[in-house]
Amino acid sequence: MSRSALPPPPATTAEGMLEREDGNRIFWDGAGTPDGVPTLYLHGGPGGRLTPGHRRNVPEDRARIIALSQRGAGRSTPSAGTPGPVDLSALTTAHLVADLEALREHLGVDAWNVQGVSWGSTLALSRLAI
């Protein structure tokens with residue numbers, strides 16, 4: 001039996017930078033259908049980044065696919081991987097959860113399904129406890 005190739009992931013239809021009050025800028029992107037079920041994807045966290053494959057995790061014809069680069073990672077700034085001394089005082093679980101809520105409000109989403117991998121799944125659960 002041969003393996004068929006995976007179809008290409010859905011194209012990004014929106015992206016932006018969410019400005020936070022502490023100077024962090026959180027990168028986010030969207031795909032799927034704008035009136036679909038909002039679904040947030042959280043990557044593996046520190047050292048991680050968004051890859052197009054995350055957009056294959058839900059049906060693009062029924063989901064509004066949203067993802068963000070967690071603060072300090074990926075396309076968010078400042079990067080925790082910047083050479084030299086980096087201030088990590090605002091890189092806490094509470095800050096990350098606040099970023100999720102700020103993005104939800106910024107995008108006008110009342111509620112969303114949240115999924116993640118590795119640290120992203122821990123962050124998804126953390127938002128329920130904070």
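Quantities reported herein were computed from a predicted structural model and do not represent experimental measurements.
Following chains of ILVMFWY side-chain contacts shorter than 4.5 Å, one cannot reach F27 starting from L103, and the two form parts of different hydrophobic clusters. If you chain together hydrophobic residues whose side chains sit under 4.5 Å apart, W112 and V58 never meet in one group.
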### Task
Begin from the C-alpha positions of L88 and L91 and carry the test side-chain contact (heavy atoms from CB on, under 4.5 Å) through to its verdict.
CA-CA 5 Å; L88 301 178; L91 193 57; 3.9 Å; yes
### Step-by-step side-chain contact (heavy atoms from CB on, under 4.5 Å) determination, Y41 to I65
CA-CA 8 Å; Y41 172 80; I65 306 164; 5.6 Å; no
### Message
Assess the residue pair I66 and T39 against the criterion (side-chain contact (heavy atoms from CB on, under 4.5 Å)); give the C-alpha distance rounded to whole Å, side-chain angles, the decisive distance to 0.1 Å, and a yes or no.
### Response
CA-CA 6 Å; I66 304 163; T39 304; over 6 Å; no
### Task
Show your working on side-chain contact (heavy atoms from CB on, under 4.5 Å) between S126 and T122 and close with a plain yes or no.
CA-CA 6 Å; S126 296; T122 302; 4.1 Å; yes
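Counting heavy atoms from C-beta outward, R25 and R20 have side chains that stay 4.5 Å or more apart.
At least one donor-acceptor pair closer than 3.5 Å links the side chain of R71 to the backbone N or O of A90. Side chain of Q115 to main chain of L40: no donor-acceptor pair is present (N/O by atom type, distance under 3.5 Å, no hydrogens or angles). Formation of a donor-acceptor pair under 3.5 Å by the T77 side chain with backbone atoms of S79 is not found in this model. At distances below 3.5 Å, at least one donor-acceptor pair connects side-chain atoms of R56 with backbone N or O atoms of P7. H54 contributes no side-chain N or O that, together with a main-chain N or O of A67, makes up a donor-acceptor pair within less than 3.5 Å. Proximity of a side-chain donor or acceptor of S76 to a complementary backbone N or O of S69 within less than 3.5 Å is detected. Checking side-chain atoms of R62 against main-chain N and O of G36 turns up no donor-acceptor pair under 3.5 Å.
In terms of heavy atoms, T13 sits closest to A31 at OG1-CA, 3.5 Å. Closest non-hydrogen pair, P38 versus V109, comes out as CB-CG1, 3.7 Å. The two residues G120 and L42 come nearest to each other via the heavy atoms O-CD1, 3.5 Å. Of all heavy-atom pairs between M17 and R75, the closest is CE-O, 3.6 Å. Of all heavy-atom pairs spanning G23 and P78, the tightest one is O-CD, 4.3 Å.
Annotation: the span from W28 atom CH2 to E15 atom CD amounts to 8.0 Å, rounded to 0.5 Å. Note that the CZ atom of R55 and the CG atom of L50 stand 8.5 Å from one another [nearest 0.5 Å]. We find the CD1-CG distance between I26 and D99 to be 4.0 Å, quoted to the nearest 0.5 Å. Taking CG of N24 as the reference point, atom CG of L96 lies at 9.0 Å (rounded to 0.5 Å). Atom-to-atom distance recorded for R64:CZ and L107:CG is 5.0 Å, nearest 0.5 angstrom. Taking CG of L68 as the start and CG of L123 as the end, the distance is 8.0 Å to the nearest 0.5 Å.
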